[in-house]
K.L.:
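Have a look at this one before I ask anything.
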2 protein chains.
Amino acid sequence: MRVKRGHLVIVGGAEDREDGREILSRIVALSGGAKARVVALTTASRRASEDRAAAHAIEESYRKAFLASGASHFQALHLFDRHAANDEANAEIIMGATCVFMTGGEQARLVSILGGTTVFRAMHKVYLEKGACISGTSAGASALTEHMMVGGPSDPLPRKGILPLAPGLGFLHHVIVDQHFSARQRLGRLLAVLAQNPFLIGMGIDEDTALVISPDQTMEVVGRGAVTMVDGRDMDNRPYVTANHGETMPLLDLRLHLLPSGFCFDLNKVRGGREHCEPRLSVSFYDALEAVIGNC
Amino acid sequence: MRVKRGHLVIVGGAEDREDGREILSRIVALSGGAKARVVALTTASRRASEDRAAAHAIEESYRKAFLASGASHFQALHLFDRHAANDEANAEIIMGATCVFMTGGEQARLVSILGGTTVFRAMHKVYLEKGACISGTSAGASALTEHMMVGGPSDPLPRKGILPLAPGLGFLHHVIVDQHFSARQRLGRLLAVLAQNPFLIGMGIDEDTALVISPDQTMEVVGRGAVTMVDGRDMDNRPYVTANHGETMPLLDLRLHLLPSGFCFDLNKVRGGREHCEPRLSVSFYDALEAVIGNC
């Protein structure tokens with residue numbers, strides 16, 4: 001098997017589809033530019049599954065936006081059960097894509113319908129072997145990782161155990177993604193998840209903002225906002241351990257990195273020895289970066 | 001001079017004045033309960049200074065709320081110039097208060113009108129010698145500290161130098177307060193200030209939430225939300241140092257503590273030796289706590 005890994009573009013929701021389309025344009029550029037063939041999966045959307053007009057509206061909105069962003073081809077797949085997700089014809093469509101883009105909705109729907117199916121396997125294959133870009137926005141972003149949050153209230157307070165984790169689609173490891181991050185005040189819930197799972201690194205992605213992870217081991221923030229990176233590996237999670245279910249708890253000693261749009265971080269530099277690092281980036285930040293993209 | 005320090009109650013804005021009034025009730029309880037004599041200063045409000053009806057509306061709203069919260073006496077002082085703030089009669093009213101409460105508006109107005117006046121000196125005297133509670137909400141909260149943010153956009157991105165600091169009223173040192181914290185997505189701007197001034201500890205206070213600092217060296221979070229405590233003393237601020245004015249910058253290696261409502265932290269415990277500490281609280285958190293309330 002020849003490995004030619006593609007890019008991951010993890011979008012915090014509410015990406016601009018009308019004006020500059022900075023994020024969608026970047027996705028197209030990373031998917032072959034004028035040769036980009038985008039396949040959108042609307043699986044996360046319950047509304048799309050129940051209402052053909054809604055599915056059509058989502059499809060047309062993204063068709064218009066991706067074509068205006070320079071893609072040569074756009075197709076939506078409305079896969080709303082595992083039967084459709086196991087259809088070889090759909091898997092072949094995925095294999096012909098240079099970009100698979102997952103729209104928003106509920107991440108649990110996305111994983112329960114796609115997980116382990118032929119379409120799911122085709123997504124991994126086209127990403128790993130043909131260099132396709134895998135992208136998701138909102139719920140589609142959360143589902144990209146190995147572990148993901150599901151459901152749970154948007155409580156700004158950190159409470160024990162109210163945010164269950166579930167298996168995601170497994171494109172990125174050791175990372176938990178939350179989206180609409182600043183707009184929906186999600187720092188508390190992200191930290192509560194880290195207290196339960198300090199081995200995960202939390203990435204809170206703002207709206208109209210994307211984290212781009214390249215196969216050459218660089219990570220970039222694109223769009224209008226920032227990515228809040230929280231490293232809980234050295235945190236003090238005794239308050240979590242001793243709290244009762246649903247109880248709020250103080251969360252102490254997390255390491256925080258705020259990465260605004262425009263910044264690009266190259267993991268190779270630190271691997272070449274500290275003398276090659278961008279001098280203004282710290283060891284512990286590169287260490288977190290290693291955990292996030294070191295295995296990509 | 002006999003020292004009998006009072007409480008500081010730093011309110012993140014939008015405190016409940018209608019229903020449970022948890023924060024105002026706590027302020028009254030800390031100000032003598034049924035004997036509480038509350039003096040409210042509306043100085044921060046430009047609107048109150050320009051429109052007598054607006055000043056009256058603020059006064060009546062707080063009068064109703066403080067009396068319903070158990071205070072025996074409420075009086076508003078509408079001091080809109082330094083002449084009024086230097087009036088001995090007003091200073092005497094302050095000296096008779098068991099609580100001085102500053103309403104919202106613009107913190108720069110508050111300091112430029114009150115700073116160094118006889119009313120200002122009376123506030124410090126009644127706090128330090130007569131145990132009065134000093135409280136402020138929103139702009140009134142920001143102005144309580146020695147250094148405070150003034151003006152500046154509510155940009156969620158950390159940009160160099162866009163948020164000037166100015167002298168505040170000096171009731172609390174080494175701390176910078178931001179209010180309406182989660183609701184207005186102010187993590188980025190607080191971190192930008194810390195990058196410039198890593199000796200400060202940032203306290204982001206949510207709406208309808210208060211940080212209570214007691215003369216017995218305990219700190220408590222009260223209300224509906226949380227306090228986000230950011231300790232930048234060990235941060236890597238080279239990106240700040242090398243950035244140009246207005247440029248966004250990554251902010252790396254901050255230490256984050258999220259303190260939800262209901263938690264109470266006693267600094268005396270750590271001073272009695274680690275064996276007296278609440279076992280689930282970490283050394284670095286207590287170290288930050290020492291910086292915040294150790295001199296109170």
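Computed over heavy atoms, backbone and side chain alike; hydrogens, waters and symmetry mates excluded.
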K.L.:
Quick check on the interface: out of A226(B), G188(B), P158(B), who has the most heavy-atom pairs with chain A under 4.5 Å?
P.N.:
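Result: the option with the highest number of such pairs is P158(B).
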K.L.:
Which of residues 172-183 of chain A have a heavy atom under 4.5 Å from any heavy atom of chain B?
P.N.:
S182(A), A183(A)
K.L.:
Answer with side chain, backbone, both or neither: which region of R159(A) has an atom nearer than 4.5 Å to a non-hydrogen atom of chain B?
P.N.:
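Neither part, no heavy atoms under 4.5 Å.
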K.L.:
Would you please name every residue forming a side chain to side chain donor-acceptor pair (under 3.5 Å) with D253(B), sequence neighbours left out?
P.N.:
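D253(B) satisfies side chain to side chain donor-acceptor pair (under 3.5 Å) with R255(A), S282(A), S284(A) only.
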K.L.:
Which bit of T228(A) is near chain B, if near means a heavy-atom gap under 4.5 Å: side chain, backbone, both or neither?
P.N.:
side chain
K.L.:
Considering residues, nucleotides and ligands other than D216(B), do more than 12 of their heavy atoms fall under 6.0 Å from its CG?
P.N.:
yes
K.L.:
Would you call F285(B) and P250(A) a side-chain contact if the rule is heavy atoms closer than 4.5 Å?
P.N.:
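A side-chain contact is absent here, since even the closest heavy-atom pair is not under 4.5 Å.
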K.L.:
Let me confirm one number: the CG-CG distance from L254(A) to L258(B), rounded to the nearest 0.5 Å.
P.N.:
8.5 Å
K.L.:
Side chains of L252(B) and L259(A), heavy atoms from C-beta outward: is any pair under 4.5 Å?
P.N.:
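In short, these two side chains touch, coming nearer than 4.5 Å.
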K.L.:
Tell me the closest heavy-atom pair linking L157(A) and S261(B), and the distance in Å.
P.N.:
CD2-N, 4.5 Å
K.L.:
Please rank L256(B), L187(B), V227(B) by heavy-atom pairs under 4.5 Å with chain A and give me the top one.
P.N.:
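Max contact count across the listed options: L256(B).
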K.L.:
So with a 6.0 Å cut-off around CG of D234(B), is the heavy-atom count from everything else above 12?
P.N.:
no
